[in-house]
Enquirer: 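One structure is given below, represented as structure tokens, and several questions about it will come after.
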Amino acid sequence: MFNYNPGAQEPAATVKTSQGDYRVMVSRGAIEAIGPEMRQAGVNGRAFLIADYAMFPLLVRRAHEALERGGYETHALILELGEEAKTIATATKVYEWLAEQRAERTDCVVSMGGGVTSDLVGFAAATWLRGVPVVHVPTSLAAMVDASIGGKAAVNLPIGKNLVGAFKQPRLVIHDIDFLDTLPRRELAAGWAEAVKHALILDDDLLNTFETHAEDLAALSGDLVEPVIRRSVEIKAEIVSADEFETGNDRVLLNYGHTIGHAIEAVTEYGTYLHGEAVSIGMMVAAGISQRQGLISEELVDRQRTLLKRFELPVVLSDVDPDTLLEATTSDKKSRGGKIRWVLLRGPGRATTSRDVSTKVVRAALNDVLVS
Ligand code: GLY
């Protein structure tokens with residue numbers, strides 16, 4: 001019999017936001033405690049579990065049973081939630097189902113899946129009846145250390161990604177490390193890219209830990225998987241708590257590697273690289289720019305490259321025209337008045353931003369990663 005004492009387990013982080021504070025629980029078997037954790041977070045009513053088909057049937061059943069054991073009348077909707085499903089049309093399917101179930105404002109929505117799932121379900125929860133509580137149960141490493149924390153919720157339009165959305169903070173986030181055991185190795189590596197990014201921009205100690213234990217972490221072996229994920233979650237939570245709406249100088253740092261990363265995804269039509277893989281190459285370009293701007297030494301660029309390679313992440317790019325890629329960077333959401341705000345390294349575990357980077361420098365850094 002599972003016996004859970006809410007409050008007995010320490011959260012990896014508490015995120016402090018204008019919509020309320022929430023805990024991020026990280027452990028093996030964390031899903032079993034979702035019921036008591038939701039009660040503690042003040043979430044009541046019925047639970048509408050919306051899960052990616054990839055979690056069906058085993059993990060969905062586990063979550064469903066845990067919710068019912070926690071006293072929540074639970075209903076589940078299973079959807080194919082790949083990037084191409086992150087649309088208003090899929091959100092409408094969610095609304096239609098919630099309408100059929102007569103879901104009310106006092107009920108809650110629970111998302112279960114990767115980053116697309118938390119973005120799309122978060123968006124549906126922000127808009128259904130002008131907003132119902134949402135709990136995220138991310139099942140990919142990328143969603144755990146990034147998408148599930150911070151409330152960014154959106155769908156894509158044919159004219160661009162994430163163009164319609166909201167800041168919808170969850171009431172609780174549950175990371176069950178067990179879920180990672182079935183994640184394909186490539187997806188796992190793409191998730192590690194975001195966690196390594198957190199270390200590169202903000203935590204030299206974490207960077208050293210990654211460097212000492214890369215192969216074990218990549219294989220999910222050893223004792224450090226949970227502590228490293230907890231630390232990565234803590235970093236994300238601190239940034240969101242300090243700069244919830246990305247109006248200051250903190251949250252933007254999470255975009256390290258993303259200006260080029262998003263451009264790579266766009267020019268390869270989202271079909272070649274996983275997001276974390278594109279970010280890995282983007283981080284190499286950003287490090288190259290940082291070095292050319294005199295902010296870091298070549299040694300740190302090499303350190304970053306070696307580490308990313310140890311996670312089997314790509315660090316070079318082939319079959320992409322540099323002009324097309326440069327053109328794609330100018331449509332990045334972070335560019336304002338035509339000037340991109342680059343996130344650059346200024347040391348191990350330290351980042352900064354600059355709008356003062358010449359096209360010549362970007363081109364040179366890009367050339368370093370392009371192979372024919
Ligand atoms: N994924 C970046 C952020 O949450 O701000």
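Read the numbers this way: they start at 1 and go in the same order the structure lists the ligands and their atoms.
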Enquirer: Are side-chain N/O atoms of D107 and Q101 paired as donor and acceptor at under 3.5 Å?
Expert: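 No donor-acceptor contact under 3.5 Å links the two side chains.
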Enquirer: Could you tell me if Y273 and S280 have a donor-acceptor pair between their side chains, going purely by distance under 3.5 Å?
Expert: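 Result is no, nothing qualifies.
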Enquirer: Under 4.0 Å between a side-chain nitrogen and a carboxylate oxygen: does that hold for R305 and D368?
Expert: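 No.
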Enquirer: Give a yes-or-no answer on whether the side chains of S18 and E244 include a donor-acceptor pair shorter than 3.5 Å.
Expert: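 There is such a pair between these side chains.
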Enquirer: Can S232 and H198 be counted as having a side-chain donor-acceptor contact under 3.5 angstrom?
Expert: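 Indeed, the side chains of S232 and H198 share at least one donor-acceptor pair under 3.5 Å.
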Enquirer: Do any nitrogen or oxygen atoms of ligand 1 lie under 3.5 Å from a protein nitrogen or oxygen, and which ones?
Expert:
from, atom 1, to, atom 2, distance (Å)
ligand 1, 1 (N), D146, OD1, 3.0
ligand 1, 1 (N), D146, OD2, 3.2
ligand 1, 4 (O), K236, NZ, 2.5
ligand 1, 4 (O), R251, NH2, 2.8
ligand 1, 5 (O), K152, NZ, 3.0
ligand 1, 5 (O), R251, NE, 2.7
ligand 1, 5 (O), R251, NH2, 3.4

Enquirer: Find the distance between CD (E80) and OG1 (T90) and round it off to the nearest 0.5 Å.
Expert: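 Between atom CD of E80 and atom OG1 of T90 there are 10.5 Å.
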